[in-house]
Asks: 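Please read through the structure below; I'll follow up with questions.
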Amino acid sequence: TGGSSGASEILQAPRGALLAVHQNRIWVANTKDMGSFMVGCGLDPHTGFPNPYDWDYENVRTEGAVSLNVSAEDQDAITGMSSSHYGDMYIWKANSFHRLSGAVYNNVSGPGAPYTLQTVSKNVGCASARTIVTVGNDVYWMSAHGVHSMSVTEKFGDVAGAYLSYGISSIFDDLNHSRASISQAVYVPGLGLYLLGVPVGGSAWMSKLLAYSVQEKRWMVWDIGEFSAMYLGAPIRGADTVYVAQVEGNFKSKLAILDFEDQVDADYSVQISGATNSSRSASGIECVVEPGDVFVSGDPSVRYLRKSMNRMQAYSVPVGDF
């Protein structure tokens with residue numbers, strides 16, 4: 001909540017690996033003992049708001065907590081969940097995904113239409129929950145075999161030719177499957193870009209940054225080194241900003257900003273050292289890496305599809321009279 005107030009632990013909540021919000025319930029999935037189950041908290045009977053202190057789904061009450069076994073026939077663990085998307089909720093396993101529709105209540109005789117839990121695909125799953133992103137009216141995510149669109153999959157099925165990543169399938173042939181769960185995606189609405197980081201080869205961290213232009217329906221592959229996380233931050237000077245935690249080895253990392261102002265891809269890498277003095281809180285070196293323009297002026301069909309760092313500028317920050 002900000003300020004000096006800290007978050008408190010809700011002791012009754014189940015310990016799980018995934019979290020989502022749907023129909024005013026907080027959902028927890030992939031719990032330690034029930035990987036294929038998802039549990040939703042109860043609802044306040046007066047306001048309809050979530051009651052995060054009610055997880056007793058065995059006590060049958062209309063607004064009580066609920067527990068659902070997703071695809072009970074395989075009992076595989078849930079690997080991803082979406083929050084509400086056009087009134088439905090989507091749940092993924094490693095090799096399948098499912099749609100939760102209708103009003104979910106602890107008591108099946110409660111108000112509203114009864115819910116249904118339908119299997120959408122038994123071939124396409126989710127390899128990393130961090131890649132599930134709402135893109136406009138669609139949902140994108142990554143399986144062990146590529147990137148998928150909810151609308152395209154529901155329209156054309158789960159054939160390989162319908163994958164969004166079909167044109168760069170060779171990258172997913174080289175995916176480090178043992179570390180696929182570290183993959184992460186963000187959507188940059190101002191530029192219409194779905195950015196996905198994936199570990200390839202023997203890399204333990206994300207080592208390729210894949211950028212999909214929703215309007216152009218084309219991929220760009222960027223080499224920015226190994227990185228462990230991405231985050232879509234507040235715009236800087238009116239331009240969307242993506243923060244990247246670049247890995248430098250020996251448990252060290254540096255903060256990088258992918259600044260797309262003026263349709264130029266610039267990587268501003270800032271590393272803060274431990275040195276301090278009376279006049280400065282910390283000393284550091286700022287590096288500006290400019291791999292080239294994302295969009296080339298003139299012929300709109302020309303794009304840089306594969307990029308690497310080709311120029312670096314280093315600036316030292318003066319300390320005191322130095």
Side-chain angles (χ1 to χ4, degrees), residues 80 82-86 88 90 97 120 124 126-128 130-143 145-172 183-198 200 206 208-224 227 230-244 256-268 289-308:
S82 76
S83 293
S84 297
H85 181 69
Y86 286 93
D88 295 337
Y90 291 88
F97 77 97
V120 180
V124 171
C126 179
S128 173
R130 303 198 308 169
T131 65
I132 302 171
V133 176
T134 299
V135 179
N137 298 328
D138 207 347
V139 176
Y140 291 179
W141 77 95
M142 188 194 86
S143 72
H145 308 291
V147 179
H148 309 268
S149 154
M150 184 70 67
S151 61
V152 173
T153 302
E154 291 187 324
K155 183 176 181 180
F156 297 105
D158 47 27
V159 295
Y163 296 1
L164 290 185
S165 58
Y166 181 72
I168 55 170
S169 57
S170 60
I171 291 180
F172 291 91
S183 301
Q184 185 180 356
V186 296
Y187 176 58
V188 187
L191 295 175
L193 291 178
Y194 173 78
L195 301 180
L196 171 67
V198 294
V200 296
M206 291 180 281
K208 291 288 185 183
L209 181 57
L210 314 178
Y212 179 72
S213 172
V214 177
Q215 181 177 3
E216 298 288 337
K217 293 181 170 49
R218 297 191 64 173
W219 287 93
M220 292 162 281
V221 182
W222 300 341
D223 297 304
I224 64 170
F227 56 104
M230 288 192 296
Y231 176 75
L232 183 64
I236 296 179
R237 299 186 302 276
D240 290 301
T241 306
V242 178
Y243 293 88
V244 178
I257 300 177
L258 298 177
D259 187 349
F260 300 94
E261 188 178 11
D262 299 325
Q263 296 184 329
V264 173
D265 172 54
D267 170 18
Y268 299 90
V289 183
E290 300 174 308
D293 293 347
V294 175
F295 299 98
V296 182
S297 60
D299 185 357
S301 65
V302 177
R303 297 286 187 274
Y304 285 106
L305 295 181
R306 187 171 295 273
K307 300 171 35 169
S308 60

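Since the model is a prediction, treat every value here as computed from it, not as a measurement. Numbers for residues simply follow the sequence, beginning at 1.
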Asks: Looking at CG of L196 and OG of S183, how far apart are the two atoms once the value is rounded to the nearest 0.5 Å?
Replies: 6.0 Å

Asks: Indicate yes or no: at least one non-hydrogen side-chain atom of V214 is less than 4.5 angstrom from one of L193.
Replies: no

Asks: Check side chain to side chain contact (heavy atoms under 4.5 Å, CB included) between S83 and all other residues, then give those that pass, not counting sequence neighbours.
Replies: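 Only A20, V21 meet the side chain to side chain contact (heavy atoms under 4.5 Å, CB included) criterion with S83.
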
Asks: Applying side-chain hydrogen bond (donor to acceptor under 3.5 Å, both in side chains), can you list everything that pairs with S84, at least two apart in sequence or on another chain?
Replies: H22

Asks: Taking C-beta and beyond as the side chain, do L209 and M230 meet within less than 4.5 Å on heavy atoms?
Replies: yes

Asks: Who pairs with S128 by side-chain hydrogen bond (donor to acceptor under 3.5 Å, both in side chains), at least two apart in sequence or on another chain?
Replies: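 None.
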
Asks: Give me the ring orientation class for Y140 and Y212: parallel if the planes are under 30° apart, tilted from 30 to 60°, perpendicular past 60°.
Replies: perpendicular

Asks: Using the test side-chain hydrogen bond (donor to acceptor under 3.5 Å, both in side chains), find all partners of D138 that sit at least two apart in sequence or belong to another chain.
Replies: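 So D138 forms a side-chain hydrogen bond (donor to acceptor under 3.5 Å, both in side chains) with S149, S151.
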
Asks: Output yes when a side-chain donor or acceptor of W219 lies under 3.5 Å from a complementary backbone atom of L164, and no otherwise.
Replies: yes

Asks: Atom CG in N137, atom NE2 in H85: separation rounded to 0.5 Å?
Replies: 7.0 Å

Asks: For the rings on Y163 and H148, is their centre-to-centre separation under 6.0 Å?
Replies: yes

Asks: Within the 4.5 Å heavy-atom criterion, are V139 and V133 side-chain neighbours or not?
Replies: no

Asks: Output yes when a side-chain donor or acceptor of S165 lies under 3.5 Å from a complementary backbone atom of V147, and no otherwise.
Replies: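 Yes; judged by distance alone, with no hydrogens or angles, the pair exists.
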
Asks: For F227, check ring-ring contact (aromatic ring centres under 6.0 Å, His included) against everything at least two apart and list the hits.
Replies: none

Asks: What residues form a side-chain hydrogen bond (donor to acceptor under 3.5 Å, both in side chains) with Y194, not counting sequence neighbours?
Replies: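 Here no residue qualifies.
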
Asks: Using atom types as modelled and distance alone, determine if a side-chain donor or acceptor of T131 lies under 3.5 Å from a backbone N or O of M142.
Replies: yes

Asks: Would you say the side chain of F172 lies within less than 4.5 Å of the side chain of L210, judging by non-hydrogen atoms?
Replies: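 The answer is yes; the side chains approach within 4.5 Å.
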
Asks: Kindly state whether the ring of W141 and the ring of Y90 have centres lying under 6.0 angstrom apart.
Replies: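 No, the ring of W141 stays outside the 6.0 Å limit from the ring of Y90, centre to centre.
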
Asks: Measure the CG-CE distance between D88 and M150 for me, rounded to the nearest 0.5 Å.
Replies: 9.5 Å

